[in-house]
Amino acid sequence: MSKIVIDPITRIEGHLKVETTVEDGVVKDARSTGNLFRGLELILGGRDPRDAQVITQRICGVCPQSHGMAAALNLDSAFGISDKIPDNARIIRNLIQGAHVVQDHILHFYHLAALDYVDVTDVAKYEGGDAALNSVKDFIVRGELGPFVPRYEGDYRLPPEINQMASAHYIEALEIRRVGHEMVSLLSGKIPHSVGIVPGGVTITPTVDMITAFLWKLRRLQEFINNTYIPDVLAVAGVYSDYCEIGSGCRNLLSYGGYDLEGNSPDYTTRKRLFSQGVVSSDLKPGKLDISRINENVMYSWYENSSTGRHPSEGETRPQYGKDDAYSWVKAPRYDGKVYEVGPLARVAVNYANGDPEMKKLVESSLAQLKAPPSALFSVMGRHLARALSAKFTADNLEKWLLEIKPGEPTYVEYEIPDEARGFGIVEAARGALGHWIEIKGQKIANYQCVVPTTWNASPRDDSGNPGPIEQAIMGTKIRDKDNPFEIVRIVRSFDPCLACAIH
Amino acid sequence: MAKEIPLVWLAASGCTGCSVSLLNTASPTIKNLLVDEVIPGVHINLRFHQTIMAASGSLAIEALESTAEDKKGAYILAVDGAIPVGDHANYCVMGERDGKPVTMETRLEELARDALAVLAVGTCASFGGIPAGAPNPSNCKPVREVLDAKGIKTPLVNIPGCPPHPDWFVGTVAGILLNGLPAADDLDDNLRPLAYYGKLIHENCPRRAYFDEGKFAKKFGDEGCLYELGCKGPITYADCPTRRWNNGTNWVIGAGAPCNGCTQPEFIDGTSPFYEKLQDVDLPVIGACWLPGKEDKQ
């Protein structure tokens, strides 16, 4: 029996440690620990409710837009205007959120995950005329290889010319994701921490030149997704085909659904969305989402035990570092008492299970190329593939919505801040199901609770002792070389964890 | 042979937004910064940045700790996020030593002592920022306060903003590479480079004419100055109106939203409620902020 401790897990957002116990080369036990607590929910207390839109974005600089969106829906609901948001505002919110999520998926595959599969040092052997690759070759010859080396060694399987091409795509993706942020900025001022989405609608006055600029930036992203991102994911999955089975995890998936297609129904859990609300398990049969079944456990988290098991609308955050048996700042949300994974895989699987024709076509053609069954979705490569398909599906719909904007028509509705109210907002962030809950008293925030995608995925054990999704995905995995535990970091990164989000 | 300048980047009690903002740098691009000679003859060698580096775990920590040992006095330390010192600083830890977690306060102390310069990137590192908002649950401190408490005299530059514009970071680093450490009169009292934080938002705001003629927006989407919708431009020092964000695409007030004062030491408690009109502020007259000296800004 031996231990493998990886602290920090890099190329994710934030502070994550993973500790495993290995017996006969197989992981027997895994513990994931979130290592940064700021207490944003406590900081929100007593403030003007509208400020939640500004402050919750600062939960995370990688996913700010999703928090801004969840906060706006939450406040719309508390202010009693969730069914009164003008169509222009609903559409512009979707465009802002969509552009942000699409660039985030590209960033994840190339800049967070790819270095686990692609050997950049093969660019030293490059003999062609590409200026970017030759500058990387010069960099390698100079000899100071940070931040690309050191790294785990021994399991890079792509041939040199593919490594060189993928390295060129890494550089191209830096540019493309920056353009994605320019799209957000067009409609929302700046990013990270944008300003355009507010309770009541959006602040921007849309114009035709803005719409056109957005369209042509979007086209660059679509071209990259179709011709580079999806082919690269399929190529990597083809060569690392054992990772179409490794890291399957809990096999329960949950999605809040994302991108409102209608604005006149006040209930976010049933209104029509591009990505549907729902739950799915390994049989890939659609299940209905009921958010009253969510609660957060803290027996193994550094919070007072008296606050465990609550629905987020009644949630509490009372830190207690060093509590016996606890090992993480991440709480453990559960649905119906069971462990659920969230993320692009859940989004894609829910639409697939619901028979969405566009999504079925995307999933089936990709699986056919990999010669893999639908069960392969529950794996490291399944998550990467689902993320790429989620990017394509979202980007293709952005173009449709863009032309539905009507310059000159309303983008904002006025409201009164109620003396007492409750609200909630649920969206699909890049990393999955994101929920905000608020209670207002005396026109101030009395309680604000966030249950964030990585809160689900990186959760520690729940009160019944069930390990969280990432922990389960690691347990049972065979480790080929404990000094270079590629398997663990590849599994963890396939979830695209965001720890600032998870703990907040 | 290019001169190699090692850079290590610590992520403390923050949100990685400062790093994502830097990723948006347009000229030079982030690829230029990482791989190329950022100015002819000088390459920045990013030894440690937990969001982008290949290495994990002890391999990563070794890259961090060996830089402090091998490159004494020659490396730049960038820090984003505030430093939590409450509950023995256990609210933010990274890596282990003898089986115990190492706090970010300890990491900062160890790395700052022998750095060529410390760059506090973002408002959390510069002034406490978001996690230091009342009731400051983890007792977060700005980098400056922690260094002072430890008697560390390494030169410090604050590059606030939530997040900072990438040009503010890139320009500060390029300045150090080309001209050495900033002189005292290059910085304001809050250790911000005057080149980027020398003027009020209000001074260069394209909606300033509305303010002067008393035409104020009453709700989002209205023509007019955003002062009554809570704009903090009149108390906020930064060049956003002229520099604009995301490769010059737009900026906060360009999107019809009020400035929230994110480059200021008062952010967030002193610049909120964000959507309420400023109270008890002596508004500057035109021209007052064009004067170069920091004492003239008052």
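Here is the naming used below: chain letters follow the sequence lines, and residue numbers restart at 1 for every chain.
When all heavy atoms of Ile268(B) and Ile55(A) are compared, the pair lying nearest together is CD1-CD1, 4.1 Å. When all heavy atoms of Cys15(B) and His193(A) are compared, the pair lying nearest together is SG-NE2, 3.5 Å. Contact between Arg47(A) and Ala134(B) at its shortest, heavy atoms only, is NH2-O, 3.1 Å. Pairing each heavy atom of Leu36(A) with each of Ala12(B), the nearest pair is CD2-O, 3.7 Å. Nearest heavy-atom pair, Phe37(A) versus Pro137(B), reported as atom, atom and distance to 0.1 Å: CE2-CB, 4.3 Å. For the pair His15(A) and Val93(B), the tightest heavy-atom approach, listed with the atom from each and the gap, is CD2-O, 4.0 Å.
Ranked by non-hydrogen atom pairs under 4.5 Å with chain B, the options Ile191(A), Val184(A), Ile6(A), Leu145(A) are led by Ile191(A). Ranked by heavy-atom pairs under 4.5 Å with chain B, the list Gly196(A), Gly189(A), Gly146(A) is led by Gly189(A). Put simply, of Arg47(B), His165(B), Lys219(B), the one with the most heavy-atom pairs under 4.5 Å next to chain A is Lys219(B). In terms of non-hydrogen atom pairs under 4.5 Å with chain B, the most contact-rich of Met210(A), Glu13(A), Glu144(A) is Glu144(A). When Gln53(A), Arg177(A), His111(A) are compared by the number of non-hydrogen pairs under 4.5 Å with chain B, Arg177(A) comes out ahead. Among Val149(A), Leu16(A), Ile9(A), Leu186(A), the residue making the largest number of heavy-atom pairs under 4.5 Å with chain B is Leu186(A). When each of Ala26(B), Cys18(B), Ala63(B) is scored by its heavy-atom pairs under 4.5 Å with chain A, the top score falls to Ala26(B). Put simply, of Ala2(B), Ser19(B), Gly14(B), Ala60(B), the one with the most heavy-atom pairs under 4.5 Å next to chain A is Gly14(B). Ranked by heavy-atom pairs under 4.5 Å with chain A, the list Asn136(B), Asn250(B), Leu46(B) is led by Asn250(B). Ranked by heavy-atom pairs under 4.5 Å with chain B, the list Asp116(A), Val198(A), Val179(A) is led by Val198(A). Your options are Pro6(B), Gly254(B), Cys124(B), Ala11(B), and the one with the most heavy-atom pairs under 4.5 Å with chain A is Ala11(B).
Going from atom CG of Asn90(B) over to atom OH of Tyr321(A) covers 3.5 Å, rounded to the nearest 0.5 Å. From Thr205(A), atom OG1 reaches atom CD of Glu223(B) across 8.0 Å, with rounding to the nearest 0.5 Å. The structure places OG of Ser138(B) at 8.5 Å from CH2 of Trp329(A), a figure rounded to the nearest 0.5 Å. Rounded to the nearest 0.5 angstrom, Arg50(A) CZ and Glu276(B) CD are separated by 4.5 Å. Rounding to the nearest 0.5 Å gives a distance of 13.5 Å between CE of Met94(B) and NZ of Lys17(A). Between Cys240(B) atom SG and Lys190(A) atom NZ the span is 7.5 Å, to the nearest 0.5 Å.
A donor-acceptor pair under 3.5 Å is formed between the side chain of Arg58(A) and the backbone N or O of Cys162(B). Looking at Arg11(A), its side chain does come within 3.5 Å of a backbone N or O of Met53(B) through a donor-acceptor pair. Checking side-chain atoms of Thr203(A) against main-chain N and O of Phe220(B) turns up no donor-acceptor pair under 3.5 Å.
Side-chain atoms of Glu182(A) and Asn247(B) include a donor-acceptor pair closer than 3.5 Å. Arg493(A) and Ser56(B) share a donor-acceptor pair across their side chains, judged by distance under 3.5 Å alone. Side-chain contact, His181(A) with Asn24(B): a donor N or O sits under 3.5 Å from an acceptor N or O. No side-chain N or O of Gln50(B) forms a donor-acceptor pair with one of Thr10(A) less than 3.5 Å apart. With no hydrogens or angles considered, no side-chain donor-acceptor pair links Arg142(A) and Asn45(B) at under 3.5 Å.
Proximity to chain B is limited to the side chain of Val5(A), based on heavy atoms less than 4.5 angstrom apart. The part of Tyr412(A) that comes within reach of chain B is its side chain, from C-beta onward, which places non-hydrogen atoms under 4.5 angstrom from that chain. Of the atoms belonging to Leu107(A), it is side-chain heavy atoms, and not backbone ones, that fall under 4.5 Å from chain B. For chain B, no part of Val120(A) is nearby; none of its heavy atoms comes within less than 4.5 Å. Val54(A) touches chain B through its side chain: at least one heavy atom from C-beta onward sits under 4.5 Å away, while N, CA, C and O do not. The contact between Thr25(B) and chain A is made entirely by backbone atoms, counting heavy-atom distances below 4.5 Å. Looking at Val195(A), both its backbone and its side chain come within 4.5 Å of chain B, counting heavy atoms on both sides. Only the side chain of Ile171(A) has a heavy atom closer than 4.5 Å to any heavy atom of chain B. For chain B, the nearby parts of Asp51(A) are the backbone and the side chain; heavy atoms of each come within less than 4.5 Å. In this structure, chain A has a heavy atom under 4.5 Å from the side chain of Thr29(B), while its backbone stays farther away. Heavy atoms closer than 4.5 Å to chain B are found in the backbone of Ser188(A), but not in its side chain. Proximity to chain B (any heavy atom under 4.5 Å) is shown, for Asn35(A), by both the backbone and the side chain. Using a 4.5 Å cut-off between heavy atoms, Leu115(A) contacts chain B through its side chain alone, with no backbone atom that close. For Pro150(A), the parts lying near chain B are the backbone and the side chain together; criterion is any non-hydrogen pair under 4.5 Å. Of the two parts of Ile43(A), the backbone and the side chain both hold a non-hydrogen atom closer than 4.5 Å to a non-hydrogen atom of chain B. The parts of Glu96(B) that come within reach of chain A are both its backbone and its side chain, each placing non-hydrogen atoms under 4.5 angstrom from that chain. Heavy atoms of Gln57(A) lying under 4.5 Å from chain B are absent altogether. For chain A, no part of Ile44(B) is nearby; none of its heavy atoms comes within less than 4.5 Å. Heavy atoms of Glu37(B) lying under 4.5 Å from chain A belong to its backbone as well as its side chain.
Note on Lys31(B) versus Glu175(A): no salt bridge recorded, every NZ/NE/NH1/NH2 to OD/OE distance being 4.0 Å or above.
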Would Asp48(A) and Tyr275(B) count as a side-chain contact (heavy atoms from CB on, under 4.5 Å) if you check the C-alpha gap in whole Å, the side-chain angles of each, and the deciding distance to 0.1 Å?
CA-CA 9 Å; Asp48(A) 185 321; Tyr275(B) 301 103; 5.7 Å; no
Kindly indicate, with the supporting measurements, whether the criterion ring-ring contact (aromatic ring centres under 6.0 Å, His included) is fulfilled by His43(B) and Phe139(A).
CA-CA 9 Å; His43(B) 172 242; Phe139(A) 161 82; 5.6 Å; yes
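Other residues, nucleotides and ligands contribute more than 12 heavy atoms inside 6.0 Å of the CD atom of Gln443(A).
Tested against Val20(B), the residues Pro192(A), Pro64(A), Cys60(A), Cys63(A) include a single side chain to side chain contact (heavy atoms under 4.5 Å, CB included) partner, Pro192(A).
Near-neighbour residues of residues 79-86 of chain B relative to chain A, defined by a heavy atom under 4.5 Å from a heavy atom of that chain, are none.
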